[in-house]
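This report refers to the structure that appears directly beneath it.
Side chains are part of it too, since the values below use all heavy atoms of this structure and drop only hydrogens, waters and symmetry mates. The first residue in the sequence is number 1, and the count goes up from there.
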Amino acid sequence: MRGEAMPADVLVVSCGIFRDELAALGRAGKFPWPVRFLDSMLHMEPERLEQALTALVQSLAGQRIVLLFGDCQARMDLLTSREGVCRVKGHNCCELVLGREEYRRLRKEGAFFLLPEWTARWREVFRERLGFVTPESARLFMQEMHRRIIYLDTGVVPVPTETLAEIGCYVGLPVEVKAVAPDRLADAVRKALEGFNE
């Protein structure tokens with residue numbers, strides 16, 4: 001579909017973790033679709049995410065909908081089995097911006113990923129949502145599962161150096177910054193839309 005006019009009735013439903021990235025792509029003329037966002041913290045409550053997504057998709061009946069989500073809740077396939085609904089390919093939001101191979105490689109090496117939106121809300125993520133109310137509890141879990149934190153710099157906000165240092169200290173892991181291109185998000189939507197024409 002690259003180079004062709006995008007269908008006027010297409011709407012993207014996205015996780016709020018990509019709000020700034022999609023806004024930047026839109027300003028650059030690289031993301032021509034209207035977007036409805038859901039709070040990224042719903043990822044921590046799959047049942048609420050399922051309810052919110054189902055209600056939103058039902059309210060948008062008659063439009064072609066692309067879900068810009070990973071496998072964030074168990075019944076995602078039920079949503080995409082509806083007529084006019086498809087989803088981008090990717091296990092989660094980090095894989096969407098990294099690409100499948102790079103994501104798998106870094107995961108094998110024990111990486112824990114942070115995108116800008118969750119980095120800004122890290123206290124809510126770690127303390128309130130994951131229950132790591134003390135550095136000791138965070139370190140116990142994180143160091144068992146991971147070797148380092150990788151901040152995925154999408155280029156839409158300045159790298160929050162001080163915040164990343166605070167996070168690294170809290171969980172007891174080194175932090176690296178890796179530049180990624182948010183253009184992959186637009187590419188993923190285009191690829192998903194190709195399914196409507198098959």
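The two residues V175 and L164 make their nearest non-hydrogen contact at CG2-O, 3.6 Å. Heavy atoms only, all atoms of each residue included: D9 and G62 are closest at OD2-O, 4.4 Å. Smallest separation of non-hydrogen atoms from A192 and C86: O-SG, 3.6 Å. Scanning both residues, V97 and L152, for their nearest heavy atoms gives CG2-CD1, 3.9 Å. V10 and P34 make their closest contact through O-CD, 3.4 Å (heavy atoms, listed as atom of the first residue, atom of the second, distance).
With values rounded to the nearest 0.5 angstrom, F37 atom CZ is found 12.0 Å from L56 atom CG. Going from atom OG1 of T161 over to atom CD of E166 covers 12.5 Å, rounded to the nearest 0.5 Å. For the atom pair S14 OG and L185 CG, the distance stands at 7.5 Å (nearest 0.5 Å). Atoms CD1 and CZ, from I17 and R19 in turn, are 11.5 Å apart once rounded to the nearest 0.5 Å. Once rounded to the nearest 0.5 Å, the distance linking CG of L98 with OH of Y103 reads 9.0 Å. To the nearest 0.5 Å, atom CZ of residue R129 and atom OG of residue S40 are 8.5 Å apart.
A continuous path of hydrophobic side-chain contacts links L68 to F113 [ILVMFWY only; heavy atoms under 4.5 Å]. Put simply, L115 and V189 are part of the same group of oily side chains (I, L, V, M, F, W, Y) that touch within less than 4.5 Å, one to the next. By the rule that hydrophobic residues join a cluster once side-chain heavy atoms approach within less than 4.5 Å of another member, V156 and L96 end up as members of one cluster. Residues I149 and L140 are members of separate hydrophobic clusters, defined by side-chain heavy-atom contacts under 4.5 angstrom among Ile, Leu, Val, Met, Phe, Trp and Tyr. Note on I150: it clusters hydrophobically with V171, by side-chain heavy-atom contacts below 4.5 Å among ILVMFWY residues.
Side-chain contact between Y151 and P116 is present, with at least one heavy-atom pair separated by less than 4.5 Å. Side-chain contact between M41 and R48 is absent, with no heavy atoms from C-beta onward closer than 4.5 Å. The side-chain heavy atoms of E117 and C15, taken from C-beta on, include no pair separated by under 4.5 Å. By the 4.5 Å heavy-atom criterion applied to side chains, L42 and L53 are not counted as neighbours. Counting heavy atoms from C-beta outward, N92 and D71 have side chains that stay 4.5 Å or more apart. Contact annotation: the side chain of T154 never approaches that of F18 to less than 4.5 Å [non-hydrogen atoms, C-beta and beyond]. For the pair L22 and W33, the minimum side-chain heavy-atom distance is 4.5 Å or more. A heavy-atom distance below 4.5 Å is not found between the side chains of V66 and V85.
Although no hydrogens or angles enter the test, the distance criterion places no donor-acceptor pair under 3.5 Å between the side chain of E50 and the main chain of M76. Remark: the backbone N or O of G99 is not paired with any side-chain donor or acceptor of R104 at under 3.5 angstrom. In terms of modelled atom types and a separation under 3.5 Å, the side chain of T80 and the main chain of D77 share a donor-acceptor contact. R87 contributes a side-chain N or O that, together with a main-chain N or O of F69, makes up a donor-acceptor pair within less than 3.5 Å.
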List the steps and the verdict of side chain to side chain contact (heavy atoms under 4.5 Å, CB included) for V125 and T119. CA-CA 9 Å; V125 173; T119 302; over 6 Å; no

In sequence, state the C-alpha distance, the side-chain angles, and the governing distance for V13 and L60, and then conclude on side chain to side chain contact (heavy atoms under 4.5 Å, CB included). CA-CA 10 Å; V13 174; L60 297 169; 3.9 Å; yes

Are V12 and R36 close enough, and set up right, to give a side chain to side chain contact (heavy atoms under 4.5 Å, CB included), and what steps lead you there? CA-CA 6 Å; V12 173; R36 297 281 293 273; over 6 Å; no

Apply side chain to side chain contact (heavy atoms under 4.5 Å, CB included) to the pair W122 and L114, showing each step before the final yes or no. CA-CA 9 Å; W122 79 271; L114 280 175; 5.7 Å; no

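No salt bridge links E21 with R184; every basic N to acidic carboxylate O contact stays at or beyond 4.0 Å. Using a 4.0 Å cut-off between charged side-chain N and carboxylate O, D153 and K178 make no salt bridge. Salt bridge status for K89 with E95: absent, with no side-chain N to carboxylate O gap under 4.0 Å. The pair E109-R147 does not count as a salt bridge, with every side-chain nitrogen at least 4.0 angstrom from each carboxylate oxygen. Between E194 and K191, none of the side-chain N atoms (NZ, or NE/NH1/NH2) sits under 4.0 Å from a carboxylate O, so this pair counts as no salt bridge.
If you run side-chain contact (heavy atoms from CB on, under 4.5 Å) between F112 and each of H146, R107, R148, only H146 comes through.
The 12-atom threshold is not exceeded at CD of E47, counting heavy atoms of other residues, nucleotides or ligands nearer than 6.0 Å. Counting heavy atoms of neighbouring residues, nucleotides and ligands inside a 6.0 Å radius, atom CD of E162 does not exceed 12 of them. More than 12 heavy-atom neighbours from other residues, nucleotides or ligands sit within 6.0 angstrom of CZ on R105.
Using cut-offs of 30° and 60° for the angle between ring planes, the F126 and F132 rings count as tilted. Classification of the W118-H43 ring pair by plane angle, with boundaries at 30° and 60°, yields perpendicular.
Residues that satisfy the salt bridge (charged side-chain N to carboxylate O under 4.0 Å, His left out) test with R82, not counting sequence neighbours, are absent from this structure.
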